[in-house]
Amino acid sequence: MKRDLLDISQLSVDEAWGLLELSARLKRERREGNSHRWLEGATLAMIFEKPSLRTRVTFETGMFQLGGHAVYLTPGDIQLGEREPVSDVAANLSRWVDCIMARTFTHVSIESLAANSTVPVINALSDLFHPCQVLADCFTLSELREDLSRLRIVFVGDGNNMSHSWMNAAALLGLDFTLVCPPGYEGDSGVLSRARACGKGRIEVTNDLAQGTRGADVIYTDVWTSMGQEDEAEKRRRAFAPYQVTRKTMDNAAPGALFMHCLPAHRGEEVSAEVIDGSNSIVLEQSENRLHLQKAVIAWLLQAEEARF
Ligand code: CP
Ligand code: NVA
């Protein structure tokens with residue numbers, strides 16, 4: 001039966017660790033000069049309803065490095081759900097390509113693509129989740145710190161797709177995760193309660209910046225206004241202004257705390273330039289690791305013999 005990756009909650013613990021280990025292997029072996037042409041002749045369709053730098057380049061480059069090919073479909077090309085129903089797009093693509101990757105506005109579109117395709121579907125960001133980013137972030141942290149479950153990971157910002165995927169990662173891998181946000185921006189209560197119901201990890205939500213970030217090992221942030229929320233930008237700027245990650249925030253965290261951001265970043269909004277450009281920032285490591293992690297995801301979903309774990 002085909003598998004999809006719509007969010008981290010769909011993975012078993014062994015599968016999540018298997019993907020992180022495969023990412024590490026792909027990264028190491030590529031640096032040693034090995035190539036991994038495991039998907040010769042395979043094609044990935046990439047549906048984008050929103051802009052992208054990292055996701056588009058890492059999926060396309062990753063597919064090329066695996067010996068396959070990627071087809072980039074812009075919002076104007078297929079007009080998902082407008083020119084024809086999402087289910088027809090999924091059924092047609094399934095006749096031509098081996099895998100579908102989609103970045104959509106509503107998560108329902110990704111679910112519909114998955115339900116109506118016979119090939120694996122990967123969520124490359126929806127309004128609800130961003131699993132590839134958070135899995136790549138877990139991989140990045142696992143490279144730099146010995147034991148993920150001993151880290152206090154604090155996300156300062158919106159209860160958005162990024163923090164939802166972190167909640168699911170915390171529930172699956174038993175992580176200590178806190179969302180620090182302005183009142184009213186705590187995120188989807190269903191995602192939070194389902195993650196907490198897993199009984200693993202520790203998932204906290206607070207509006208108190210000083211208390212929430214005290215002693216943190218990782219401070220993570222993201223834009224205040226996600227793609228598709230542009231109409232709310234002014235209101236959000238006012239609500240989030242007290243939550244900017246600054247030197248003071250980092251000083252309140254544990255000594256040597258790491259700074260993370262999925263990017264794109266707005267210096268002077270969610271983070272000061274001195275923090276994101278400072279020595280504890282690992283944003284480019286995160287960005288690089290999108291490539292290795294997504295190669296692992298594609299090879300695993302397409303059941304490449306060499307990617308078995
Ligand atoms: N972090 C991330 O997904 O970046 P892009 O929006 O540039 O793809
Ligand atoms: N929350 C952001 C993440 C961008 C990678 C957005 O959805 O725009």
Side-chain angles (χ1 to χ4, degrees), residues 5-8 23 44-63 70 72-75 80 101-110 122-141 155-169 177 179-182 185-188 191 218-233 235-237 239-240 243-245 259-267 269-271 276 281-295 297-298:
L5 181 61
L6 308 193
D7 195 45
I8 291 169
S23 309
L44 170 75
M46 308 195 300
I47 298 173
F48 280 91
E49 287 194 306
K50 296 171 176 171
S52 168
L53 171 65
R54 280 147 290 273
T55 305
R56 192 244 163 121
V57 174
T58 52
F59 267 104
E60 189 163 335
T61 303
M63 200 57 194
Y72 175 53
L73 297 161
T74 67
L80 197 64
M101 180 236 85
R103 166 167 287 194
T104 62
F105 284 100
T106 131
H107 190 67
V108 173
S109 297
I110 301 258
I122 303 172
N123 180 359
L125 183 148
S126 66
D127 57 358
L128 209 51
F129 299 118
H130 197 1
C132 295
Q133 179 70 55
V134 173
L135 284 170
D137 295 338
C138 289
F139 169 44
T140 304
L141 284 174
F155 187 101
V156 181
D158 192 14
N160 62 12
N161 42 15
M162 283 298 306
S163 35
H164 291 155
S165 282
W166 268 112
M167 288 173 190
N168 284 341
F177 176 77
L179 167 64
V180 177
C181 62
Y185 292 92
E186 288 81 1
D188 186 284
V191 173
V218 176
I219 301 283
Y220 202 118
T221 194
D222 181 16
V223 292
W224 293 338
T225 300
S226 286
M227 293 178 277
Q229 298 174 330
E230 288 77 9
D231 290 352
E232 300 173 25
K235 183 175 140 221
R236 285 173 167 271
R237 249 192 293 278
F240 283 87
Y243 291 83
Q244 186 187 79
V245 174
F259 173 77
M260 301 180 78
H261 193 310
C262 52
L263 306 179
H266 300 127
R267 289 167 177 77
E269 289 196 21
E270 72 273 9
V271 61
I276 193 169
S281 171
I282 56 168
V283 298
L284 289 178
E285 282 73 17
Q286 294 176 253
S287 184
E288 178 188 335
N289 284 339
R290 292 288 303 279
L291 173 68
H292 310 298
L293 181 281
Q294 287 158 197
K295 283 167 72 178
V297 168
I298 298 167

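Atoms within each ligand, like the ligands themselves, are counted from 1 in listed order.
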Visitor: Do N161 side-chain atoms and S126 backbone N/O form a donor-acceptor pair below 3.5 Å?
Guide: yes
Visitor: For L53, take its heavy atoms, then give the atoms of ligand 1 lying under 4.0 Å from any of them.
Guide: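 Matching atoms, with element in brackets: 5 (P), 7 (O), 8 (O).
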Visitor: Heavy atom under 4.0 Å from ligand 2: found in L125's side chain, backbone, both, or neither?
Guide: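 Looking at L125 and ligand 2, just side chain atoms fall under 4.0 Å.
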Visitor: Would you say R56 and ligand 1 have an N/O pair spaced under 3.5 Å apart?
Guide: no
Visitor: Mark up the atoms of ligand 2 that fall under 4.0 Å of a heavy atom belonging to N161, in ascending order.
Guide: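 Contacts of ligand 2 toward N161, numbered from 1: 1 (N), 2 (C), 6 (C), 7 (O).
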Visitor: Any side-chain donor paired with an acceptor under 3.5 Å for S165 and D7?
Guide: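 Yes, D7 and S165 have a side-chain donor paired with an acceptor closer than 3.5 Å.
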Visitor: For side chain to side chain donor-acceptor pair (under 3.5 Å), just list the numbers for Q133 and D137, CA-CA rounded to whole Å, side-chain angles, deciding distance to a tenth of an Å, and then say yes or no.
Guide: CA-CA 6 Å; Q133 179 70 55; D137 295 338; 3.0 Å; yes
Visitor: Please tell me if the side chains of L179 and F155 come closer than 4.5 Å, counting only heavy atoms from C-beta onward.
Guide: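 Heavy-atom side-chain distance check passes, below 4.5 Å.
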Visitor: What is the closest protein heavy atom to atom 4 (O) of ligand 1, and at what distance does it sit?
Guide: R54 NE, 2.8 Å
Visitor: Out of R290, K50, M227, H261, whose heavy atom sits nearest atom 2 (C) of ligand 1?
Guide: R290
Visitor: Report yes if some N/O of K50 lies less than 3.5 Å from some N/O of ligand 2; otherwise report no.
Guide: no
Visitor: Starting from atom 6 (O) of ligand 1, find the nearest protein heavy-atom neighbour and note its residue, name and distance.
Guide: R103 NH1, 2.8 Å
Visitor: May I ask you to check whether L125 has an N/O atom sitting below 3.5 Å from an N/O atom of ligand 1?
Guide: no
Visitor: Taking distance alone, with no angle check, do M227 and ligand 2 share an N/O pair under 3.5 Å?
Guide: yes
Visitor: For N160, which of D222, L128, T225 qualifies under side-chain contact (heavy atoms from CB on, under 4.5 Å)?
Guide: D222
Visitor: Name the orientation class of the two ring planes belonging to F139 and H292 (parallel below 30°, tilted from 30 to 60°, perpendicular beyond 60°).
Guide: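 Perpendicular: the ring planes of F139 and H292 meet at over 60°.
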Visitor: So which protein heavy atom does atom 3 (C) of ligand 2 come closest to, and at what separation?
Guide: D222 OD2, 3.6 Å
Visitor: Would you kindly specify which portion of L263 sits under 4.0 Å from ligand 2, judged on non-hydrogen atoms: side chain, backbone, both or neither?
Guide: backbone
Visitor: May I ask you to list the atoms of ligand 1 that are less than 4.0 angstrom from any heavy atom of C262?
Guide: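 Atoms satisfying the 4.0 Å criterion: 1 (N).
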Visitor: What distance do E288 atom CD and T58 atom OG1 have between them, rounded to the nearest 0.5 Å?
Guide: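 E288 CD to T58 OG1: 11.0 Å, rounded to 0.5 Å.
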Visitor: Testing R103, R54, K295, M101 one by one against F59 for a side-chain contact (heavy atoms from CB on, under 4.5 Å), which residue passes?
Guide: M101
